[in-house]
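Contents: one structure, followed by commentary.
Letters A, B, ... are given to chains in the order of the sequence lines, protein chains preceding strands, and every chain is numbered from 1.
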Number of protein chains: 2
Amino acid sequence: MNTKKALAILKEAGYKYTDKRESILTFFEQEDRYRSAKDLLDYMEARYEGISFDTIYRNLNLFDELEILESTELDGEKLYQISCADHHHHHFICRTCGVTQEIDLCPMDEIAKKLNNYMIEDHKFEIYGLCPVCH
Amino acid sequence: MNTKKALAILKEAGYKYTDKRESILTFFEQEDRYRSAKDLLDYMEARYEGISFDTIYRNLNLFDELEILESTELDGEKLYQISCADHHHHHFICRTCGVTQEIDLCPMDEIAKKLNNYMIEDHKFEIYGLCPVCH
DNA sequence: TTTGTAAATAGGAATGATTACGTTTTGTGC
DNA sequence: GCACAAAACGTAATCATTCCTATTTACAAA
């Protein structure tokens, strides 16, 4: 995923192109790791004085829906990063810097068989720790 | 885990025995599924007029630390249930009623090998959906 | 049984993340 | 350029949780 592709997805879905949206995408493309709404707000406030929470959160939710971003929830805070692959995968997540490492192994197929009468909607498999740089 | 064993753990760790703590344990023993702080508060308020948030949250955190309860975080809310096994395991969790089904399969051993330079602290593997009763 | 004291609780304020909402501004198709 | 719907502003509200101080209580030692 890159800014160009993301703006195409937005246009396709009938959303407007704004400079704030482009900035948000640039932020996530540059960072390429999990970042919080607060992190984005700090970045945006430096560029757009008086930007509102509404703009931050509305766009984060929108981009998440459109799968331009992927999200997770850690210690009571939602985190977002630029969508990193088009196939099913999981992540190692660095608790210090938010960097992720893709994990392609997923045990769901095996497990689904054992949950016969259960309706499985989704699942979360994440590994937490410190990346090589942070420890 | 049952109330008796939990009270023994409390005593062992030097914590006091109070009727509120016993009530909290009774609640989770009866429920035997993930419940929120709010659920517990409702239960406790019916029994102890004017019980404070502090008592609810302090004891939830304490019981979680002592592994009398196990916890997870779902949709921005912490959930707790009575500790259900003494070996490593994961859960299917029903989104409607909070009932859990133990999953003994864990792919971490295989994955740890692939994350050579990473310091792995912990991991979360949860399956969400509807239990046989709720769908 | 009484007493000292550290732990537990009450009551409510504070915090932090997120959502809501009425008003104003701005992109975009015509 | 114009009209209109979407986006953003500014700020209040909400929700879960934590924090704080005064008061009460459980428990152990005398």
Whole-Å distance separating the NZ atom of B:Lys20 from the C1' atom of C:dA7: 13 Å
Gap between atoms CD1 and C1', on A:Ile56 and D:dC9 respectively (whole Å): 12 Å
B:Asp54, nearest nucleotide to its side chain (from D:dA8, D:dG10, C:dG12): C:dG12
Whole-Å gap separating P (C:dG27) and CG (A:Leu7): 14 Å
Sugar-phosphate, base or nothing in reach of B:Asn61, heavy atoms under 4.0 Å: sugar-phosphate
Toward the 5' end of DNA chain C, by each residue's nearest nucleotide, A:Phe53 or B:Tyr15: B:Tyr15
Side chain B:Glu121, main chain A:Leu130, donor-acceptor under 3.5 Å: no
Whole-Å gap separating P (C:dT18) and CG (B:Asp75): 13 Å
Phosphate OP1/OP2 of D:dA7 contacted by A:Arg58 side-chain N/O (<4.0 Å): no
B:Asp42 CG - D:dA16 P separation (whole Å): 11 Å
Short side-chain to backbone donor-acceptor contact, A:Asp64 and A:Leu60, under 3.5 Å: no
Among D:dA7, D:dT17, D:dC27, the nucleotide that comes nearest once only the side chain of B:Tyr17 is considered: D:dC27
side-chain N/O B:Ser36 vs D:dA16 OP1/OP2, d < 4.0 Å: no
B:Glu67 side chain to B:Ser83 backbone, donor-acceptor under 3.5 Å: no
Position toward the 5' end of DNA chain D (nearest nucleotide), B:Tyr80 or A:Asp19: A:Asp19
Rounded distance (Å) that lies between atom P of D:dC9 and atom OH of A:Tyr48: 10 Å
Atom-to-atom span, CZ of B:Arg35 to P of D:dA16 - whole angstrom: 14 Å
N/O (side chain, A:Thr18) to phosphate O (OP1/OP2, C:dT26) under 4.0 Å: no
A:Glu126 (side chain) donor-acceptor with A:Ile93 (main chain) under 3.5 angstrom: no
Sugar-phosphate, base or nothing in reach of A:Arg21, heavy atoms under 4.0 Å: sugar-phosphate
C:dA7 phosphate, OP1 or OP2, under 4.0 Å from B:Lys11 side-chain N/O: no
Sugar-phosphate, base or nothing in reach of B:Lys38, heavy atoms under 4.0 Å: nothing
Proximity to the side chain of A:Tyr57 - top-ranked nucleotide from C:dG11, C:dA8, C:dT18: C:dT18
Distance, rounded to the nearest Å, where B:Leu10 contributes CG and D:dA26 contributes P: 14 Å
Worked verdict on A:Phe125 versus B:Ile111 for side chain to side chain contact (heavy atoms under 4.5 Å, CB included): CA-CA 12 Å; A:Phe125 177 33; B:Ile111 286 163; 3.3 Å; yes
Side chain B:Lys16 and base C:dA6 donor-acceptor under 3.5 Å: yes
Cation-pi check, B:Arg21 onto B:Tyr17 ring (under 6.0 Å, within 45° of axis): no
